[in-house]
Amino acid sequence: MTIHFPFDNTYARLPERFFARMAPTSVRAPRLIRLNRDLALQLRLDPDRLSGPEGLELLSGNRVPDAAEPIAMAYAGHQFGQFVPQLGDGRAILLGEVVDRDGIRRDIQLKGSGPTPFSRRGDGRAAVGPVLREYLVSEAMAALGLPTTRALAAALTGETVVRETRLPGAVLTRVASSHVRVGTFQFFAVRQDVEGLRLLADYVIGRHYPQAAESDRPYRALLDQVIAAQANLIARWLHIGFIHGVMNTDNMSIAGETIDYGPCAFMDAYDPATVFSSIDQQGRYAYGNQPRIGLWNLTRLAEALLPLLSEDEEKAVAEANEALVAYSGKFEAAYHAGLRHKLGLLTKREEDPTLAGDLLKAMAENQADFTLTFRRLSDAAAGPEADEAVRSLFINPLAYDAWAARWRERLSHEPQDGATRQAAMRVVNPAYIPRNHHVEAVIQAAVERDDFAPFEELLMVLSQPYEDQPAFAHYAEPPEPHERVYRTFCGT
Ligand code: AMP
Ligand code: MG
């Protein structure tokens, strides 16, 4: 008997030009690094069998599960502002879709599973480093409560891949509410394939935005909802100090999930100009640029959708503009609401954005650690005894004192007592984020010593980001100067 995947595939039913039918390429000596048992259960899969020898065959791409209809999806995209009319899954295979325990349809995809017709010059493979990074960061994002793709499994292939050096190869099993991207719409738009565009839009409405079907302008409603989802997502990235690193339009999910973790990283000291990715020379995707890039990408989506918005071109452009104009307001509202919560303000006052902005400014000027400042502020919210732990994060602690006096004055107008406020802040201000120096150390142990224990430990700590975990407190600390990581590589 083979392991049962309750596949119920819909994307593979779309016309053949949406994808290439393609099985994964087998690998020499697969070895399971990790199976995400909770996620397996959520997907109605049997974790015991999946982590056994037969499961490994499936998770490494050596065998295709029954009822899978493996495809590589076609898409286009703007990469660092340059349009590429054909990208597509160059190293990923969508096995199929399952409906999870909550009734949500999820894609199960192998990433690093060998070449496809979309590979161009790539080898279709992934090195173990980027696979571990994606596993860690996507699962951390999920535990932090952000919309994200998930990691079901990671397996070594027993083969090496050639990057700057030879590295162990690995396959990630990724789970997403779908893999449709802004770039998927661009793929049909650039071919002036209006029928394909309409089929895709109808598919996305059915799968992600069923309310849009009730609207008298469903495609406009679709655009509005994608804009709202992205405005919200990017605001949430900023709240936790996340930098995606490659916000190309092919890496922006239509469903509003964080997708395609490459050279992504979390900020240590607060600085809106922070860039980690080695390929982002101009800082296009710097932390503080992400909201603007979100709008840029959504503008590309709106352009792609023009033929569906109205038959009259002028009217279509007017519709698109109307939808795009709403982005800033939606982003600002989500961003400021989140900041208020981070500061323990449960009511809303006009001066709150200034108060929050002044803290961020002081943090930037004083190289205060982003995550720790807010975490410790949660305790300071209960009473000024805890101020010392916050102020010591600032080069000039007086900068904190001046701000804290204004904050306390503002808090005095809040109805909650200090303990309630502290508790409310602790569930939005994490103690643990996947700090870069820890992620790098995990990867190094795996690559150099075939040691996955550090990966397991970091993953466990990150699964409860809002809990104090005294035994693992060192994972909450910012890097020492010699541990600091300045550059991340996508390693593709
Ligand atoms: P990314 O920068 O990971 O979003 O990838 C951009 C494009 O390059 C996508 O079409 C990928 O499928 C493709 N790609 C990335 N790495 C590889 C690889 N090793 N082999 C083939 N295609 C790849
Ligand atoms: Mg990508």
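Just follow the structure's listing: the first ligand is 1, and inside any ligand the first atom is 1.
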_Which of the numbered atoms in ligand 1 are under 4.0 angstrom from any heavy atom belonging to L87?_
10 (O)
_Ion pair check, D280 and R487, cut-off under 4.0 Å_ = no
*F18 and F188 aromatic ring geometry - parallel, tilted or perpendicular at 30°/60° bounds*: tilted
*Sidechain N-carboxylate O distance under 4.0 Å for D369, R435*: yes
*Which ligand 1 atoms, with their elements, are less than 4.0 angstrom from a heavy-atom of R163?*
19 (N)
*For ligand 1, does M73 get within less than 4.0 Å through its side chain, its backbone, both, or neither, judged by non-hydrogen atoms?*
neither
*Just heavy atoms, cut-off under 4.0 Å: does Y75 contact ligand 1 by side chain, backbone, both, or neither?*
side chain
_D260: numbered ligand 1 atoms lying under 4.0 Å from its heavy atoms_ = 4 (O)
*If hydrogens are left out, which of Q79, R91, E134, K111 has an atom nearest to atom 17 (C) of ligand 1, that is, the closest non-hydrogen atom?*
R91
*For atom 13 (C) of ligand 1, which candidate among A72, A74, G90 provides the closest heavy atom?*
G90
_Residue selection (non-hydrogen contact nearest atom 11 (C) of ligand 1) among G124, G88, G245_ = G88
*Nearest to the Mg ion (ligand 2), which N, O or S atom of D260 do we find?*
OD2
*Proximity flag D89 to ligand 1, non-hydrogen atoms under 4.0 Å*: yes
*Numbering the atoms of ligand 1 from 1, which are under 4.0 Å from a heavy atom of R120?*
7 (C), 8 (O)
*Can R133 be said to sit on top of Y135's aromatic six-ring, NZ or CZ under 6.0 Å from centre and within 45° of the ring axis?*
no
*Is D100 salt-bridged to R105, cutoff N-O under 4.0 Å?*
no
*asked:* Between D8 and R106, does any NZ, NE, NH1 or NH2 come within less than 4.0 Å of an OD or OE carboxylate oxygen?
replied: no
_Pair D193 + R17, salt bridge at N-O below 4.0 Å_ = yes
*Check against salt bridge (Lys or Arg N to Asp or Glu O under 4.0 Å), R198 and D202*: CA-CA 6 Å; R198 191 180 305 276; D202 290 342; 6.0 Å; no
_Regarding N248, does it place an N, O or S atom less than 2.8 Å from the Mg ion (ligand 2)?_
no
*Option nearest atom 2 (O) of ligand 1 (shortest heavy-atom distance, choices I259, T116, N251)*: N251
_cation_pi(R300, W296) dist<6.0 Å, angle<=45_ = yes
*May I ask you to list the atoms of ligand 1 that are less than 4.0 angstrom from any heavy atom of R125?*
19 (N)
